[in-house]
Structure formats: structure tokens, C-alpha cells
Amino acid sequence: MTILLASQDATIVDRRAGQRSLLGRLDRAQVAPGFIFAEECAGTNGIGTALEERKAFRVRGEEHLLEALHPLACVGSPIVDPVSRAVTGIVDITCEIGDVNELMAPLVLSAVRDIEERLFALSARSEQNLLREYMRSKRRGHAAVVAMSRDTVIATPTVSRLMDSTDQMMIWDWISTHLAAKDEWEGPLRFADGIDVRVHARRVGESTDPLSAILELRPLASPAPPRPRARLAPAAPAGAAPATRIAGRSLAAHRLQDRVDEITATVAPVLIVGESGVGRTHLARQIQHRWGRHDPVPSVDASTLTPSAVAELRARLSGSFACIIEHLDEVPDDAVASTRRLLDAAVELGAPVIATATSSTPTICGIRCRPMCGAVCASRRCASASKISPISRGSCSPPNSPTVRPRNCNRPRIGR
């Protein structure tokens, strides 16, 4: 097993390997100091997804988006500063999938808890007092509590739904005015949304300490409905199985899910484009699952196709026959014509056939790829380097056509 420590932006900063035999596999998968494993760069993984979810997250084998990570299993958990509640890093345990142990998660959580206790011990005395008073108010049953100092704001979920940055500045001015010469104050307060509350504020610490306070809020009238919050992704479509949803809350993960939702609305041949190792086959199987194919769908390596093999596929082709054709841009010359006819027939029948390729302009098959306005798949370059497109019958797009060429991406590779 290997213990990884990552920074708050999911960059691996340290790696401690218990087995030297594992190091080669980790190096090939770029699981090493200096590499970034944020969800928008590497898809679902124990570091980036734990960071997005702000809780412990377990990923095994093909649950990873990157194919290089499929032989591995990992459990990661964020390190949350006890005072500021900001994520300061991630602890992750990674092993080969055959070495998975149910004690991995408790071990990670125990390590994170020890680190957070050490962070609390290293914090300023005034910060420790503020956090203790905040927890004491919550234990007394107050649902709306705010702990505030010049540099720190801690609020219960009830208050967080009502308070924005403008309210924070207004509350701090209110505290500075009323607690400048007093230890306690009670009075009315109006949030920017027009919600009136009554606030009981008390100073934390001595009068010589920097100003910090605990505020307990109570509504003066019937509470207004909370402001609508922007959502990063729509709710799951009715009837969709939870297992088919893309794990994670990053923008890249939601873009991927949006494209999958669009493409699976109707059953028709699909082309998935992206560089090697970004999870094209994994995504193809998810789409087939969304189409109702819960049994394993046969996969064919196009680089090994022969005219007779294509003819056999063509004979089985029907509206219900499902398959995945990998490496479409590597079809041998003698099978090009028959493969083109196979895909034309799949389009006419609306067959659930999915093809994968590394180039957005395969030089065979007489197909035109119509990119669906953006990225669908996290890749080693960036979240916008892969596309998913319906396959349509028609003239072959010229190589490097601007209408189908993958967009250039300014994000560097996952690396140093």
C-alpha cells in the first residue's frame, strides 16, 4: 500500500510506498509528487473526488475514469481546518485492487482526525476559544449560530443559506459597534434579502483579546423561503439508476454527465473521441447501461477486424444488438469498406453501437462526426479534450476539418 498526501488543489506533495513493487505501477499512472489529480484533470479518483465531496471517498478499479488507474483502489479523505473549515489537504491510501482491505477507510479517517487535532493545537488561543464557544452554542440546541472574528466566519447551515458576503461585512460592522465596550448585546438585524432576525451576541475572550463573538439568531417573523442557489448539475433523470451517474461535483464531471444525458435520450450509434487512457471504454459501457443493457456488452477491437468478422457483425446487426467497437481509427485497410457498410446499417437501424477513436476525424467509415458543443470526458490534457458525437451517414469529413478537430486546450498535462 502507498500513503499519499495532496495539497488543497489536489496536487500530490508526498508519497510513502510500503511496497517497492507498487512504485512502478504508480509511476506509470503518474501517481507521484507534482502531479495534479483534481477531478477536472483526472476524472473520478480518491484525491480529486474526495476534495469535491469534502468527505471520505472510495474508488475501485473501473470506477476510476482514467484507464491507467483501473488496476488500483484508493480511499481518500480531506483534511479540514477545525477553525476556518477550509480544506487544507487530502490523505489517500492507494493499493493494487487485489490488496483491498476494509480497514483502509478507518485508517485514513484516523490519520485525518489526528492531523486535524494537531492543526487545532497549533491554532491561536483566540481561535480555539471561538471554536469551543461555537460548538457549545450548537450543543445547547441553537440552530442558527455564527462565530465571527476579523479573519474567520463559522456558521451553521441554517445561517449559511441566508447569509452572503454582504451580510458578513454588515454583521461584522454590527459586532464592532455594539461589542466595542460591552460583553453582550441583543437587538434586531436585517439581512440583505430583507429577512429580520433578533440577534443575541456575546464577546469571546477577554476585552484585551482581538474582537471575536458568538451570535445566536432567531427570526422575528415567519421565515422567508431561502434564496435559490445555483446548481452545478441537474437532478438525475427519472428512472436513471444511481450506478450510472458520474461520481463527483466538479464542473468537468457535470459537463460529462450533461453530455451523457443528452446522448442517451435516444438510442443511436455514438462515437467517443479522446486520447488513450481517458476512459473511453468505461464511458461507452456507462452509456450502454443507460440504454438498458445491464449484461456485459461485447467489445470488439477494430484493429483486429477482418472482412469476415465484419460480415459476422453485420449479420447480427439489428435494433437490439449492442456492441462497442474500440479503436475505430485503426481498422485494417482490407476491412475499411465492410466497416463503412456496417456503420451505415447501424445508423439506419438505430442500433446501440458505440465506437471509440483517438482522432476526431477517422479516415475510414464514411462518417461525419457532429460534435455536441463541448467537452464530455476528462482527459490527461484537460476536461475539454474529448468529445462525444452521434454518428450520421454521409460524406467523410476531410482530415483536420475545423468543424470536427478537437479543440486546443491551454491546460497543461497532468504533470510537473
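Note: Asn45 CG to Glu52 CD = 10.0 Å, rounded to the nearest 0.5 Å. In this structure, Ser176 OG and Ile171 CD1 are separated by 11.5 Å, a value rounded to the nearest 0.5 Å. Atoms CG and CZ, from Leu179 and Arg203 in turn, are 7.0 Å apart once rounded to the nearest 0.5 Å. Remark: Met1 CE to Asp99 CG distance equals 6.5 Å, nearest 0.5 Å. Atom CZ in Phe57 sits 9.0 Å away from atom SG in Cys74 (nearest 0.5 Å). Here Tyr134 contributes atom OH and Thr156 contributes atom OG1; the two are 5.5 Å apart, rounded to the nearest 0.5 Å.
Side chains of Leu69 and Val31 form a contact here, defined as non-hydrogen atoms less than 4.5 Å apart. Proximity of Leu342 to Ile325: side-chain heavy atoms (C-beta onward) are separated by under 4.5 Å at one or more points. Residues Pro210 and Arg150 are not in side-chain contact: their nearest non-hydrogen atoms beyond the backbone lie 4.5 Å or more apart. The shortest distance between side-chain heavy atoms of Cys95 and Val100 falls below 4.5 Å. Counting heavy atoms from C-beta outward, Glu127 and Phe120 have side chains that stay 4.5 Å or more apart. Residues Glu116 and Ile79 have side chains in contact (heavy-atom distance under 4.5 Å, counting atoms from C-beta outward). Two residues are said to be in side-chain contact when any heavy atoms from C-beta on lie closer than 4.5 Å; Ile12 and Leu5 fail this criterion. Side-chain atoms of Leu72 and Ile97, non-hydrogen and from C-beta on, never get closer than 4.5 Å to each other.
The pair Arg293-Asp295 does not count as a salt bridge, with every side-chain nitrogen at least 4.0 angstrom from each carboxylate oxygen. For the pair Glu262 and Arg259, the salt-bridge criterion is met [side-chain N within less than 4.0 Å of a carboxylate O]. Salt bridge present: Arg15 and Asp27 bring a charged side-chain N and a carboxylate O closer than 4.0 Å. A salt bridge is defined here as a Lys NZ or Arg NE, NH1 or NH2 lying under 4.0 Å from an Asp or Glu carboxylate O, and Glu102 with Arg58 meets this definition.
No more than 12 heavy-atom neighbours from other residues, nucleotides or ligands sit within 6.0 angstrom of CD1 on Ile3. Counting heavy-atom neighbours within 6.0 Å of Asp173 CG, excluding the residue itself, gives a total above 12. Counting heavy-atom neighbours within 6.0 Å of Glu117 CD, excluding the residue itself, gives a total above 12. Annotation for Arg140: atom CZ counts as buried by contact number, over 12 foreign heavy atoms lying within 6.0 Å.
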Q: Go through the steps for Val91 and Ile115 under the test side chain to side chain contact (heavy atoms under 4.5 Å, CB included), then give the verdict.
A: CA-CA 10 Å; Val91 172; Ile115 294 171; 3.8 Å; yes
Q) Would Thr281 and Glu326 count as a side chain to side chain donor-acceptor pair (under 3.5 Å) if you check the C-alpha gap in whole Å, the side-chain angles of each, and the deciding distance to 0.1 Å? A) CA-CA 7 Å; Thr281 302; Glu326 300 183 77; 2.6 Å; yes
**Q.** Residues Glu39, Thr49; criterion side chain to side chain donor-acceptor pair (under 3.5 Å); working and verdict
**A.** CA-CA 6 Å; Glu39 265 199 346; Thr49 307; 2.8 Å; yes
Q | CA sep, side-chain torsions, deciding dist, call: Ile93, Thr2, side chain to side chain contact (heavy atoms under 4.5 Å, CB included) | A | CA-CA 6 Å; Ile93 292 181; Thr2 297; over 6 Å; no
Q. What's the verdict on side chain to side chain contact (heavy atoms under 4.5 Å, CB included) for Thr339 and Leu305, showing C-alpha distance, side-chain angles and the deciding distance?
A. CA-CA 9 Å; Thr339 304; Leu305 285 176; 4.1 Å; yes
Q: Start with the C-alpha gap between Ile324 and Val300, add the side-chain angles, then the distance that decides, and say whether side chain to side chain contact (heavy atoms under 4.5 Å, CB included) holds.
A: CA-CA 6 Å; Ile324 298 171; Val300 178; over 6 Å; no
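By the side-chain hydrogen bond (donor to acceptor under 3.5 Å, both in side chains) test, Arg316 pairs with no residue at all, sequence neighbours left out. Checked against side-chain hydrogen bond (donor to acceptor under 3.5 Å, both in side chains), Asp151 has no partners two or more places apart in sequence or in another chain.
Of the possible polar contacts, none joining the Thr11 side chain to the Ser7 backbone as a donor-acceptor pair under 3.5 Å is found.
No side-chain donor from either of Glu133 and Asn129 sits under 3.5 Å from a side-chain acceptor of the other. Between the side chains of Ser299 and Asp301, no donor N or O sits under 3.5 Å from an acceptor N or O.
Minimum interatomic distance between Val310 and Ser338 (heavy atoms only, all atoms of both residues): CG1-O, 3.3 Å. Shortest non-hydrogen contact noted between Val87 and Gln8 is O-CB, 3.3 Å. Between Leu317 and Ala345 the shortest heavy-atom distance is CD2-CB, 3.6 Å. The shortest non-hydrogen separation linking Ala355 to Leu328 is CB-CD2, 3.8 Å. The shortest non-hydrogen separation linking Ser137 to Ile214 is OG-CG2, 3.5 Å. Scanning both residues, Leu217 and Val199, for their nearest heavy atoms gives CG-CG2, 4.1 Å.
Exactly one residue among Arg198, Arg136, Arg202 makes a salt bridge (Lys or Arg N to Asp or Glu O under 4.0 Å) with Glu216. That residue is Arg202.
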